[in-house]
Amino acid sequence: MKKLLATTALVAALALPAAAQETLDPNATPGGNITITYKDDVATLDPAIGYDWQNWSMIKSLFDGLMDYAPGTTDLRPGLAESYEVSEDGMTFTFTLREGVKFHNGREMTAEDVKYSLDRVTNPVTQSPGAGFFGAIEGYDAIASGEAETLSGVSVIDPQTVEIKLSRPDATFLHVMALNFASIVPQEAVDAAEGDFGKMPVGTGAFKLDEWTIGQRLVFAKNGDYWRDGLPYLDSVTFEVGQEPIVALLRLQNGEVDVPGDGIPPAKFQEVMADPEQAARVVEGGQLQTGYITLNVTIPPLDNVDVRKAINMAINKERITQIINGRAVPANQPLPPSMPGYTEGYDGYAYDVEAAKALLAEAGFGDGFETELYVMNTDPNPRIAQAIQQDLAAIGVDAAIQSLAQANVIEAGGAGTAPMVWSGGMAWIADFPDPSNFFGPILGCAGAEEGGWNWAKFCDAEIDAAATEADSMLDPSAPERLQMWSDVYMSVMEQAPWVPVFNEQRYTMKSARISGDDSLFVDPVSIPVNYDYIYVTE
Amino acid sequence: MAGYAVRRLVQAMLILLGVSFITFFLLYVLPADPVRQIAGRSATPQTVANIREQLGLDQPFLVQYWRYMAGLFQGDMGRSYLQKTDVATLIAARLPASLLLMAAGIFAELCIGLTMGVIAALWRGRSIDNSLMMTSFVTVSAPQFVVALLLLYVFAVKLGWFPIGGYGTAAHLVLPAMTLGVLGSGWYARMMRSSMVEVLRSDFVRTARAKGLTRGRVILRHAMPNAILPIIAMIGIDIGIFMGGIVVVEGVFGWPGIGQLAWQAIQRVDIPIIMGVTLVSACAIVLGNLLADLITPLVDPRIRIR
């Protein structure tokens, strides 16, 4: 007996069995090419490997997973799965695949490909940074430890049907199936690439890789057989790499570039926004990101909760947002405001130097103390660290700044030797729009192990248990579950292992010739833009 | 001469071996974990351990070094940790651009630097000498980023004479080469000036003038070839520097050289790429110097190599 679970996404799936018929933008005209620039090389386009904000959106346009998000939103919708059913206990997911979906090599995608893709991403040989997301699938431990070659929980029922059994309930499972890591790839293309699938990607996505000149450019060409009818609008997308953001902006102003992928350089931001013509082409949006200072709860005197609270009160977040030209809103809790489970009406620790001093004195540190603040050495982070340093000095805390390369800060944070870390440049951006994503690796016990991203080394068994309970619920968007997550983060704030500083806003600048709904240019899952749905107007 | 070249090549091999060992060791003791960079922020401890084992990064230092060198001697520079692509492929893709910019950059340096140096030497002590030497002082101390952006802004954005960055045609090459030329010309100007001043004072120049040769002929045929000797050694050094060390100029002009590859690899602790680029630029330095030493006797017959 299987019962259909009435999540919003599922209702949508059932209401529109042939959801491949997109509601197309009536103003859109097909054709044309756009040019995007980046400073850094594109490391890989292998969906099992790529895990940076630059290749994330590119991979999204080359590949599809069983689940997907409606463009410009965080609303789950079926992708390569036409529909799915969830068993009553929430432990078995049955996906019905769309018929007639073809890979870029012309072969039709089947349930075998789904099984192969999930086996591949979880196999340690693949070295996928996302393997752990699939931990709830039955048989994951066996494959992760090298005892098995295949996930026992994934079975092919028939060429259009695949069944996935979980070993523990996971409210976020459908989000996991929408991650790039869960993209469906054809085995023959992976084998043919001989370990370098990332440079020779073959998927089912709206675009296919047409040209890759290492160090210079990549060209994506429209997939004429794309299963979403009428998409994409663009004939091709060119990515030029190796360009300084400031030069990209000059080229945009000269009409050579359509979107500077690295954004508007901080030094030019005010100039651009002061010019009405240019400012009109900047789209602003929120993102699921929080910048924070970690306070290592194992290093005295930060092991004292009153000291951590005092530091929370000492930081002038308004001033820090001004350092980055106001491109952020001050934060008071780990979750960003647009994340489900965000606690409305919570004030956090308000900026109050006198109260901070008093609390510090009460804790026995009236004369202050010396500590260290680790920070990544690229602008604007050292300037932010100086502001934090001044704020701390005002309550008598003398923080020495350790400004290092990103890899060294991550190492010090993971090893637990850094008393304080400013997260800038490494701040947490959600993998998927679910409150659980801000907990496990950065505030839970799992991440507090040596090398983990929980740089506060904060580990509270009770809070961890509450988080696990919340994640065991079937419906990810159930109000009770979101309340539980809200409670989890409020308990975290009680113990103040972080100073949440701000939530960064996104600003995407575009040329006058490209168009599409504004939400596509600040798409929460495709940074900088959603290539599948935008178009050119000339 | 042949024996000398062979001796120098053997020396070069030893130097490269030393460079490889020291670089590998520094990367080993660096407080940054390449496995963490591959595994990313969400990886479980098990994933991290798996990756460490597969890459052999759980092995002692000497074993890791031995494995790397064994691969290298079989022509295998390894695979990038993050890109999974062969390092040789990545370097080969960028090598032509680096070589081209190196050659053009040195050419520009010589044109600007030698002209300045000779003029300053001929009118030494005059105001033109002072202002040229002042200029050379400014250019050697100017930040690369500023000079590169300035040239780009004036000649590409404002005047539109050249493309705004990129690679492919001769027009793309002019501004990055000019930037390197302006930045490096100061060294050449100063070296050429002092060398020229010395030569102009020497007896054979006086003799040449005394036997009635024109001033122009003396300078071009007698003084310059002798004054240029120390410059050849400087070119040898520049060859090495330009093969891997011009990150900023490459960045501003979007030039696909190996400097950018090295820079990105260093940020992410991608050891195989860092090793590969380091060895290639070390090779260039060694070869550049060797070439300079071999060319010197061809220019100056007084120098004999045994």
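Naming: A, B, ... by sequence-line order, numbering from 1 per chain. Just so we're clear, the structure is a prediction, and the values are computed from it rather than from any experiment. Quick note: numbers below take in every heavy atom, side chains included, and nothing from hydrogens, waters or symmetry partners.
Taking each heavy atom of B/Ile239 and B/Ala284 in turn, the nearest pair found is CG2-O, 3.8 Å. Closest approach of B/Ala32 to A/Ala407, counting heavy atoms only: CB-CB, 3.7 Å.
Residue B/Ile266 does not touch chain A at all, counting heavy-atom pairs closer than 4.5 Å. For a residue to count as touching a neighbouring chain, one of its non-hydrogen atoms must lie under 4.5 Å from one of that chain's; by this rule B/Pro45 touches chain A with the side chain only. With a threshold of 4.5 angstrom between heavy atoms, B/Val269 approaches chain A through side-chain atoms but not through N, CA, C or O. Looking at A/Phe197, neither its backbone nor its side chain comes within 4.5 Å of chain B, counting heavy atoms on both sides. Interface residue B/Leu152: only side-chain heavy atoms are found under 4.5 Å from chain A. With a 4.5 angstrom heavy-atom cutoff, A/Leu45 does not touch chain B via any of its atoms.
Listed by chain and number, the residues in a disulfide bond (SG atoms under 2.5 Å apart) with A/Cys445 are A/Cys459 (sequence neighbours excluded).
Counting heavy-atom pairs under 4.5 Å between each of B/Gly168, B/Pro256, B/Gly166 and chain A puts B/Pro256 at the top. Comparing A/Ala144, A/Ala446, A/Gly447, A/Gly146 by heavy-atom pairs within less than 4.5 Å of chain B, the highest count is held by A/Ala144. With chain B as partner, the option from A/Ala405, A/Gly452, A/Gly198, A/Gly451 having the largest number of non-hydrogen pairs under 4.5 angstrom is A/Gly451. Ranked by non-hydrogen atom pairs under 4.5 Å with chain A, the options B/Val48, B/Ile38, B/Val35 are led by B/Ile38. Taking A/Gly440, A/Pro441, A/Gly195, A/Ala131 one by one and counting their heavy-atom pairs under 4.5 Å with chain B, the maximum is reached by A/Gly195.
Between B/Leu90 and A/Ile214, some side-chain heavy-atom pair lies under the 4.5 Å cut-off. Looking at B/Thr139 and B/Leu183, their side chains never come closer than 4.5 Å, going by heavy atoms from C-beta outward. Within the 4.5 Å cutoff, no side-chain heavy atoms of B/Leu57 are placed close to those of B/Ile51. For the pair B/Leu27/B/Ile274, a side-chain contact is recorded, criterion being any heavy-atom separation below 4.5 Å from C-beta on. Within the 4.5 Å cutoff, no side-chain heavy atoms of A/Val375 are placed close to those of A/Val421. For the pair B/Met243/B/Leu95, a side-chain contact is recorded, criterion being any heavy-atom separation below 4.5 Å from C-beta on. Two residues are said to be in side-chain contact when any heavy atoms from C-beta on lie closer than 4.5 Å; B/Leu101 and B/Leu173 meet this criterion. The shortest side-chain heavy-atom distance between B/Val277 and B/Ile91 falls under the 4.5 Å cut-off.
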Cross-chain donor-acceptor list, chain B and chain A, 3.5 Å limit, no angles:
| from | atom 1 | to | atom 2 | distance (Å) |
| --- | --- | --- | --- | --- |
| B/Pro31 | O | A/Asn408 | ND2 | 3.4 |
| B/Asp33 | N | A/Glu411 | OE1 | 3.1 |
| B/Arg36 | NE | A/Gly451 | O | 2.7 |
| B/Arg36 | NH1 | A/Gly451 | O | 2.8 |
| B/Arg36 | NH2 | A/Gly451 | O | 3.1 |
| B/Arg41 | NE | A/Tyr51 | OH | 3.2 |
| B/Arg41 | NH1 | A/Ile429 | O | 3.0 |
| B/Arg41 | NH2 | A/Ile429 | O | 2.5 |
| B/Arg41 | NH2 | A/Asp431 | OD1 | 2.8 |
| B/Arg41 | NH2 | A/Asp431 | OD2 | 3.2 |
| B/Ser42 | OG | A/Tyr51 | OH | 2.8 |
| B/Asn50 | ND2 | A/Ala144 | O | 3.0 |
| B/Gln54 | OE1 | A/Gln127 | NE2 | 3.2 |
| B/Gln54 | NE2 | A/Pro124 | O | 2.8 |
| B/Arg79 | NH1 | A/Gly195 | O | 3.1 |
| B/Arg79 | NH2 | A/Glu194 | O | 2.9 |
| B/Gln83 | OE1 | A/Lys199 | NZ | 2.9 |
| B/Lys84 | NZ | A/Gln127 | OE1 | 2.8 |
| B/Thr85 | OG1 | A/Asp196 | OD1 | 3.1 |
| B/Thr85 | OG1 | A/Asp196 | OD2 | 3.2 |
| B/Thr85 | OG1 | A/Lys199 | NZ | 2.9 |
| B/Arg94 | NH2 | A/Asp41 | OD1 | 3.0 |
| B/Arg94 | NH2 | A/Asp41 | OD2 | 2.6 |
| B/Gly251 | O | A/Glu244 | N | 3.4 |
| B/Gln260 | OE1 | A/Lys39 | NZ | 3.4 |
| B/Gln260 | NE2 | A/Gly242 | O | 3.4 |
| B/Gln264 | OE1 | A/Asp41 | N | 3.1 |

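Here salt bridge (charged side-chain N to carboxylate O under 4.0 Å, His left out) pairs that include residues 168-182 of chain B, with residues two or more places apart or in two chains, number zero.
Inspection of non-hydrogen atoms places no residue of residues 61-70 of chain B under 4.5 Å from chain A.
Under a cut-off of 6.0 angstrom, the local environment of CE in B/Met178 is sparse, with at most 12 non-hydrogen atoms contributed by other residues, nucleotides or ligands.
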Could you go through the side chain to side chain contact (heavy atoms under 4.5 Å, CB included) check for B/Leu82 and A/Ile49 one step at a time?
CA-CA 8 Å; B/Leu82 294 156; A/Ile49 308 289; over 6 Å; no
Evaluate the criterion side chain to side chain contact (heavy atoms under 4.5 Å, CB included) for residue pair B/Asp238 and B/Leu180; output intermediate values, then yes/no.
CA-CA 11 Å; B/Asp238 263 358; B/Leu180 292 178; over 6 Å; no
